[in-house]
Amino acid sequence: MKKLRLKKKTNLASREYSVDYKTSLNEEQYKAVMHDKGAALVLAGAGSGKTRTLVYRVSRLIEDGIDPRSILLLTFTRKASSEMLSRITSLLDTRAGKITTGTFHSFALKLLKRYCKQIGFSQEFSIIDQQDSADTIDLIRGRHLPPSIKKRFPKKNTLQKILSLSINKRESTLTILEEFYPKYVEYEDLINTIFIDYHKYKKTANVMDYDDLLIYLLELLKENPDARTQITNYYKYIMVDEYQDTNRLQHEIILLLGGKDNNIMAVGDDAQSIYSFRGADHQNIFFFPESFEKCEVYKIEQNYRSTEQILDLSNEIINAAAFKYEKKLFSRDRIGEKPYLVAANKERQQSEFVVQQILELREQGIELEDIAVLFRSSYHAFDLEIELNKSNIPYIKFGGMKFIETAHIKDLISYMRLLFNPKDVVAWQRVLMLVDGVGPATTRKIIENISDNRLNISNYKEVLPNLNKNIGISNLFKLVAKNFDPNDITYAASEMAFYYKEYMDEKYDNVNKRWRDIETFLQITDQYSDLPTFLNDMALDPPINSLDELEPESKEEEYLTISTIHSAKGLEWKVVFLIWSTEGKFPSAKSTHTIDSVEEERRLFYVAVTRAKDYLYIVYPFGIFDRESGMVLSEPSRFIREIGDEFLEKFILTEDEDDEGIDD
DNA sequence: AGCAGTGATGTTTTT
DNA sequence: CATCACTGCT
């Protein structure tokens, strides 16, 4: 007979917690934090303590006895996930360290490494980035294309985008073509043939691109009930940050991960959706509740971040949108200064103004850490960077070309990939083309033989005897055939760098600069002790973004942040400069053709201004000659012109002869 | 046939 | 600045 016991019934609100949730949160946040089971959508405006809410909810779940390992927290960037993890840990204790966090892609990778057999891959599969993906598509494009249509046929980057969009939006190639590239609709069949071949190619090479990580995870969850049961039994509480930027594919994955309990909490803000180029639709977040029988919706609208003046401006910008957004932010009378609108004569003066103002702010006791300069495209900062260097202002740049993406570092990583996965023909392709006297034809021959399992690093002399005449090739094969200790990554990397240096000396003028990069790269390898982890991190979570970063001495120093708006997502600073707010640059002339793209630019502008806590400077250079349109750009962005004069304090820069000469 | 050098071209945003 | 098509070279 079963033994009956009395268990005290507690309701959530009255339970004893070590953290005082009630007083540390406002009422709206508190409700969301106390949400227990089932699906929930948290609509959280900019600066409303979205991260705080997530952090407290994780803590609350753990305090209620939920096994931390069963909590999955999906974030948009690695930065965001490590920040949340440290905040949870300091709020609660080390139990928090056991939860699973990461991006969709890194989470997918983790599962796919475990379940690779089920989807027809071996565990040594490698990840290729977008550029590798485009290069591989180009290879296949070349094979399929009759020379007669070469010019009118989409190029590799376009093809890559078409494929990626169709996967992420879960739509056919034709639909994507009709919507975004109508002039290529006539090539639908040929494009599809290329895509099918590309898919096969990756499979034989045992490589996956970014989209594959998601699509194979979806496939695994859909078609392998055993794996699905295991996974959904393990991750019982799922939280997804920045839901407005997830796409259809990710949404489907989330639904499957929800299992039968659907303990899924999605957090986001439709007004901050800025990733439509990756297949996100800002309205997706509203469809979230419809995916479930029951879904609780919480709204958090009180802004803790910004002053009243900055909020008024932000609200005004987003209210001018063609599509109506649901909320309006409010704050509790934090009066500050009106945001500044500053007109600068050309780019030079803009850079000089920003630098001068930063120096002045520093005099007033505002630290560099509390200041950020934001811009639409990473090249917008080039001139500013020169000026910052001149004035010895240390900074870190986020967004744009990453250190890891420079040609010489990618070359080196390709050698390392071959150590791990000798069938990685994407890496082969790259390193073979570097060899003197080897071009597309020879490369193709070698690669075909590797794919057929006919050729490997030890038998190339017998299989393709005439290759032996090429010293470069035999040196390359010798290098890759060396039996490196897979745990001594630095040793292997430095051997490869040594080999590579010869090529570099011949090919490049600026060998010294590149060699310094390679030395930095070798330092990075030092932090790893196993090859697979190293390669995964290089593909998905590159440890650093820019070159000048991570010099040992500059680590302690305080620094300024300069960043693309996309990379500034979720962050905040006391002082924000938004540069290049000139019509024609932001929104860029390219984005003004369709309503949707203008609206996306508007949301981007909104994200930018809502990063500011106390001071906001919107700077626009005038008198800019735009080569594309052949026009001179002199007006501030339409997002500023649309709104009333009362929201901004307007300035124009004049040069004062007496001050330290601005010219030269 | 296959490779390398040359000159015009265009260019967001990220995993 | 990197990519692409073209042309001349081996």
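Chain identifiers are assigned alphabetically (A, B, ...) following the order of the sequence lines, protein sequences preceding nucleic acid strands; residue numbering begins at 1 within each chain. All values below come from the heavy atoms of this structure, side chains included, with hydrogens, waters and symmetry mates left out.
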* Asked: Nearest to the side chain of E601(A) - dA5(C), dT15(B), dT12(B)?
  -> dT12(B)

* Structure fact -> Separation of dC4(C) atom P from L159(A) atom CG, nearest Å, is 11 Å

* **Out of dT13(B), dT3(C), dT15(B), whichever nucleotide has its closest atom nearest the side chain of Q131(A)** => dT3(C)

* Return the value, rounded to whole Å, for the distance between atom CD1 of I404(A) and atom P of dT14(B). => 16 Å

* To do: Ignoring backbone atoms, establish whether T77(A) has a side-chain N or O less than 4.0 Å from OP1 or OP2 of dT14(B).
  => no

* Check: E385(A)/Y395(A) side-chain N/O donor and acceptor closer than 3.5 Å -> yes

* What pairs with R611(A) under salt bridge (charged side-chain N to carboxylate O under 4.0 Å, His left out), at least two apart in sequence or on another chain? -> none

Write out a two-atom table: protein N or O, nucleotide N or O from nucleotides 8-10 of chain C, distance below 3.5 Å.
none

* Asked: For residues D197(A) and H144(A), is any side-chain donor paired with an opposing acceptor at under 3.5 Å?
  -> yes

* **Sequence-distant partners of R278(A), salt bridge (charged side-chain N to carboxylate O under 4.0 Å, His left out), two or more places apart** => none

* Answer yes or no for this row: Y275(A) ring on dT13(B) base, centroids under 5.5 Å, planes under 30°. => no

* Between R602(A) and E642(A), is there a side-chain N and carboxylate O pair less than 4.0 Å apart? -> yes

* Asked: Would the Y503(A) and Y500(A) ring centres measure less than 6.0 Å apart?
  -> yes

* Contacts of type salt bridge (charged side-chain N to carboxylate O under 4.0 Å, His left out), residue E601(A), not counting sequence neighbours -> R376(A)

* Return yes if a side-chain donor-acceptor contact under 3.5 Å exists between Y528(A) and D537(A), otherwise no. => yes

* Nucleotide nearest K590(A) (side chain, heavy atoms from C-beta), chosen from dT11(B), dT12(B), dC4(C) -> dT11(B)

Distances under 3.5 Å between nitrogen or oxygen atoms of protein and nucleotides 2-8 of chain B:
unit_1, atom_1, unit_2, atom_2, d
dC3(B), OP1, G439(A), N, 2.9
dC3(B), OP1, T442(A), OG1, 2.4
dC3(B), OP2, P440(A), N, 3.4
dC3(B), OP2, A441(A), N, 3.1
dC3(B), O5', G439(A), N, 3.4
dA4(B), OP1, G437(A), N, 2.7

* At under 4.0 Å between heavy atoms, what does E600(A) touch on the DNA or RNA strands: base, sugar-phosphate, or nothing? -> nothing

* Asked: Given side chains that start at C-beta, do those of V619(A) and L578(A) come closer than 4.5 Å, heavy atoms only?
  -> no

* **Closest-nucleotide 5' rank along DNA chain B - winner of R376(A) and F76(A)** => R376(A)

* Asked: dT3(C) C1' sits how many Å from R430(A) CZ, rounded?
  -> 14 Å

* **Distance, rounded to the nearest Å, where F153(A) contributes CZ and dC4(C) contributes P** => 14 Å

* Asked: What residues form a salt bridge (charged side-chain N to carboxylate O under 4.0 Å, His left out) with K569(A), not counting sequence neighbours?
  -> E242(A), D245(A)

* To do: Rounded to the nearest angstrom, tell me the gap between atom NZ in K156(A) and atom P in dA5(C).
  => 10 Å

* Think T564(A) has a side-chain N or O under 4.0 angstrom from the OP1 or OP2 of dT12(B)? -> no

* Asked: Quick one: Q160(A) CD to dT11(B) P, roughly how many Å, whole number?
  -> 16 Å

* Euclidean distance, atom CG of residue L163(A) to atom P of dT15(B) [Å, nearest integer] -> 19 Å

* Structure fact -> The answer to which of S106(A) and S588(A) contacts DNA chain B further toward the 5' end, by nearest nucleotide, is S588(A)

* Rounded to the nearest Å, what distance is computed from the CG atom of residue D211(A) to the C1' atom of nucleotide dT14(B)? -> 11 Å

